[in-house]
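Written below as structure tokens is the structure these notes are about.
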Amino acid sequence: QVHLVESGGGLVQTGGSLRLSCAASGSIFSIKFMGWYRQAPGKERELVATISSTGNTIYADSVKGRFTISRDNAKNTVYLQMDILDVEDTAVYYCKTVVLDGRSYWGMGTQVTVSS
């Protein structure tokens with residue numbers, strides 16, 4: 001079992017920055033990768049970025065060049081640095097992890113609102 005807690009969401013103006021954090025606890029030795037997803041009102045949940053245990057990253061085209069995912073293994077924490085934010089980035093951001101046996105776990109989400 002892995003427990004995830006997100007933090008760092010909030011209200012920011014267009015062009016601003018936010019950094020999200022996701023702290024993992026529990027069976028962290030079994031984590032295969034961690035990632036960020038988001039869901040805007042009326043839309044499907046979508047991938048934002050993922051990072052593997054070896055540091056390989058994947059980004060959605062819509063955030064490439066603006067968002068950076070990173071992880072601190074000592075703190076069992078993954079971060080999402082979001083720069084040049086746009087109103088289209090407004091969503092609830094969720095942290096997800098997939099463990100070695102294929103099970104996935106989600107955090108409760110953190111709201112990011114970008115105002116024009």
Side-chain angles (χ1 to χ4, degrees):
Q1 194 96 14
V2 178
H3 185 56
L4 303 173
V5 178
E6 303 104 332
S7 60
L11 173 65
V12 65
Q13 290 189 324
T14 301
S17 298
L18 282 174
R19 189 175 84 150
L20 305 182
S21 300
C22 173
S25 61
S27 301
I28 54 177
F29 61 89
S30 64
I31 289 176
K32 199 161 65 171
F33 78 85
M34 296 183 75
W36 289 96
Y37 292 70
R38 67 186 181 187
Q39 188 166 18
K43 293 188 176 181
E44 301 273 320
R45 191 171 297 189
E46 63 177 4
L47 169 75
V48 177
T50 65
I51 186 166
S52 73
S53 57
T54 56
N56 293 321
T57 58
I58 295 173
Y59 292 94
D61 287 343
S62 60
V63 306
K64 280 180 183 175
R66 301 188 298 122
F67 290 11
T68 304
I69 189 169
S70 62
R71 63 192 292 170
D72 185 334
N73 291 329
K75 296 182 178 180
N76 303 314
T77 299
V78 64
Y79 304 97
L80 185 68
Q81 177 67 40
M82 306 185 294
D83 299 316
I84 319 175
L85 282 160
D86 184 78
V87 291
E88 296 295 317
D89 297 314
T90 295
V92 178
Y93 284 69
Y94 297 91
C95 181
K96 175 184 176 181
T97 187
V98 176
V99 297
L100 293 173
D101 66 5
R103 284 181 293 175
S104 59
Y105 297 91
W106 292 89
M108 295 298 290
T110 184
Q111 176 71 46
V112 171
T113 303
V114 185
S115 65
S116 58

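Numbers here simply count residues along the sequence, with the first being 1.
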Rounded to the nearest 0.5 Å, what's the gap from [atom1] on [X] to [atom2] on [Y]? Could you check?
X: S104; Y: K96; atom1: OG; atom2: NZ; answer: 4.5 Å
X: T90; Y: L11; atom1: OG1; atom2: CG; answer: 8.5 Å
X: M108; Y: C95; atom1: CE; atom2: SG; answer: 13.0 Å

Under the side-chain hydrogen bond (donor to acceptor under 3.5 Å, both in side chains) test, residues paired with T113 that sit two or more places apart =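 Partners of T113 under the side-chain hydrogen bond (donor to acceptor under 3.5 Å, both in side chains) test: Q111.
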Spell out, yes or no, whether [X] and [Y] are grouped together once hydrophobic residues are joined by side-chain heavy atoms under 4.5 Å, including indirect joins.
X: I51; Y: V63; answer: yes
X: M34; Y: V92; answer: no
X: Y94; Y: I31; answer: no

May I ask you to decide if [Y]'s main-chain N or O and [X]'s side chain share a donor-acceptor pair within less than 3.5 Å?
X: T110; Y: G9; value: yes
X: Q81; Y: T68; value: no
X: Q13; Y: S115; value: no
X: S21; Y: S7; value: no

Just wondering, more than 12 heavy atoms not from L100 lying within 6.0 Å of its CG?
->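 Enclosed.
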Between [X] and [Y], which heavy-atom pair has the shortest distance, and what is it?
X: M82; Y: L20; value: CE-CG, 3.8 Å
X: E6; Y: G109; value: OE1-N, 2.9 Å
X: L18; Y: G8; value: CD2-O, 3.9 Å
X: S17; Y: D83; value: OG-OD1, 2.7 Å

Given Y105 and V99, is the side chain to side chain contact (heavy atoms under 4.5 Å, CB included) satisfied, shown in steps?
-> CA-CA 8 Å; Y105 297 91; V99 297; 4.0 Å; yes
Quick one: list whatever passes salt bridge (charged side-chain N to carboxylate O under 4.0 Å, His left out) with R19, sequence neighbours left out.
->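 For R19 there are no salt bridge (charged side-chain N to carboxylate O under 4.0 Å, His left out) partners, ignoring immediate neighbours.
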In terms of ring plane angle, is the pair Y37 and W106 parallel, tilted or perpendicular, where the classes change at 30° and 60°?
->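 Ring orientation, 0 to 90° scale: perpendicular.
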With a 3.5 Å cut-off and no angle check, do the side chains of T77 and D72 form a donor-acceptor pair?
->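 T77 vs D72: no donor-acceptor pair found between side chains.
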Identify the residue among I69, N73, T97 that makes a side-chain contact (heavy atoms from CB on, under 4.5 Å) with V78.
->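 Of I69, N73, T97, side-chain contact (heavy atoms from CB on, under 4.5 Å) with V78 is met by I69 alone.
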Do L4 and V2 have side chains that get closer than 4.5 Å, going by heavy atoms?
->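 Yes, their side chains come closer than 4.5 Å.
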Are side-chain heavy atoms of S53 and F33 found at a separation under 4.5 Å?
->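 Not in contact.
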Report the C-alpha separation of D89 and V87 in whole Å, then their side-chain angles, then the decisive distance to 0.1 Å, and conclude whether the side chain to side chain contact (heavy atoms under 4.5 Å, CB included) test is met.
-> CA-CA 5 Å; D89 297 314; V87 291; over 6 Å; no
Identify every side-chain donor-acceptor pair in residues 40-49 under 3.5 Å, counting partners at least two apart or on other chains, and give the distances.
residue: R45; atom: NE; partner: Q39; partner atom: OE1; Å: 3.4
residue: E46; atom: OE2; partner: R38; partner atom: NE; Å: 2.7
residue: E46; atom: OE2; partner: R38; partner atom: NH2; Å: 3.3

Stepwise side chain to side chain contact (heavy atoms under 4.5 Å, CB included) check, Y79 with R71 | CA-CA 6 Å; Y79 304 97; R71 63 192 292 170; 6.0 Å; no
